[in-house]
Student: 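I'd like to ask some things about the structure below.
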Amino acid sequence: MNETPRQARDSVAGNRKRQTALPGQGGLKRIMSASSNSMRGLKNAIGTEAAVQQEMAVLAIGVPLSFFIASNPWIWLAMVGSLFFILTVELLNTAIERLCNHVTPEHHEAIRVTKDIASAAVFFALSLGGLIWAVAVIERFGWLH
């Protein structure tokens, strides 16, 4: 479909008019719709991506375990927050990979580099989470002082 520049601008402006956050003008309805979209995306990712399934399992085990390891609320927040951060980066990585596969399913060097960069982001998120959990465990058992 070939849109003229004016049609493209009009469609963007139309979206701005519809998506107001004022109460009674789409705010709560928009939030409910966005939440529904988010849950649908999470369900799809859990159903199709092994890495997301593994990270959800770690989250399910890690959150209850964090209550026994954390020695104060800030350490608990860092521990649980790191798990959510890892899952967030993994979901973004998954979205990037799927978009890349949609754009061109055949091997393309620029697509490989893009996927590798997204994967590196997951690596650093996992490294951060691992460091946070390691320090929390070390501190909990008195090995840090």
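Note that the structure is a prediction, hence the values are computed from the model and not measured. Positions are given from 1 along the sequence.
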Student: Measure across Ser66 and Val80 and return the closest heavy-atom pair with its distance rounded to 0.1 Å.
Tutor: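 Minimum heavy-atom separation between Ser66 and Val80: OG-CG2, 3.4 Å.
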
Student: With hydrophobic residues grouped by side-chain heavy-atom distances under 4.5 Å, do Val137 and Leu126 end up in a single group?
Tutor: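 Cluster IDs for Val137 and Leu126 match.
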
Student: Out of curiosity, does Met39 fall in the hydrophobic cluster containing Leu92 (side-chain heavy atoms, cut-off under 4.5 Å, transitive links)?
Tutor: no

Student: Out of curiosity, Leu91 CG to Ile86 CD1, how far, rounded to the nearest 0.5 Å?
Tutor: 12.0 Å

Student: I need the minimum non-hydrogen distance between Leu59 and Pro64, along with the two atoms involved.
Tutor: O-CD, 4.3 Å

Student: Within the distance-only criterion (no hydrogens, no angle test), does the side chain of Ser33 pair as donor or acceptor with the backbone N or O of Lys29 below 3.5 angstrom?
Tutor: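 Between the backbone of Lys29 and the side chain of Ser33 there is no qualifying donor-acceptor contact (under 3.5 Å).
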
Student: Can you measure from CG (Leu65) to CG (Leu83) and round to the nearest 0.5 angstrom?
Tutor: 9.5 Å

Student: What closest approach, in Å, do Ala45 and Val52 show between heavy atoms, and which atom pair accounts for it?
Tutor: O-CB, 3.9 Å

Student: Show the nearest heavy-atom pair for residues Phe68 and Arg140, with the distance to one decimal.
Tutor: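 Nearest heavy atoms, Phe68 then Arg140: O-NE, 3.0 Å.
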
Student: Less than 4.5 Å apart, side chain to side chain, heavy atoms only: is that true for Ile96 and Lys115?
Tutor: no

Student: Check whether any side-chain heavy atom of Ser119 sits under 4.5 Å from a side-chain heavy atom of Phe123, and report yes or no.
Tutor: no

Student: OG of Ser38 to CD1 of Ile31: how many Å apart, nearest 0.5 Å?
Tutor: 11.5 Å

Student: According to a 4.5 Å side-chain heavy-atom criterion applied to Ile, Leu, Val, Met, Phe, Trp and Tyr, with indirect links allowed, do Val103 and Ile117 form part of one hydrophobic cluster?
Tutor: no

Student: State the NE2-CD1 distance between His102 and Ile111, to the nearest 0.5 angstrom.
Tutor: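 It is 11.5 Å, given to the nearest 0.5 Å.
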
Student: Can you find a side-chain donor-acceptor pair between Asn101 and Arg98 that sits under 3.5 Å?
Tutor: no

Student: Taking a hydrophobic cluster as the set of Ile, Leu, Val, Met, Phe, Trp and Tyr residues connected by side-chain heavy atoms closer than 4.5 Å, whether directly or through intermediates, do Trp143 and Ile132 fall within one such cluster?
Tutor: yes

Student: Rounded to the nearest 0.5 Å, how far does CG of Asn72 lie from CG of Leu77?
Tutor: 10.0 Å

Student: What's the shortest heavy-atom distance between Asn93 and Ala118, and which atoms?
Tutor: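 Smallest heavy-atom distance, with atoms named: OD1-CB, 3.0 Å.
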
Student: Going by side-chain hydrogen bond (donor to acceptor under 3.5 Å, both in side chains), Thr104 matches just one of His108, Glu106, His107. Which one?
Tutor: Glu106

Student: State yes or no: do Val58 and Ile46 share one hydrophobic cluster built from I, L, V, M, F, W and Y residues joined by side-chain heavy-atom distances below 4.5 Å, directly or via other members?
Tutor: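 Same cluster.
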
Student: I need the Glu49 CD to Glu90 CD distance, nearest 0.5 Å.
Tutor: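 So the CD of Glu49 and the CD of Glu90 are separated by 7.5 Å.
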
Student: Would you say Ile69 and Trp133 make side-chain contact, with heavy atoms under 4.5 Å?
Tutor: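 A side-chain contact exists here, since the closest heavy-atom pair is under 4.5 Å.
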
Student: Can you name the closest pair of heavy atoms from Ile75 and Ala136 and give their distance?
Tutor: CG2-CB, 3.7 Å

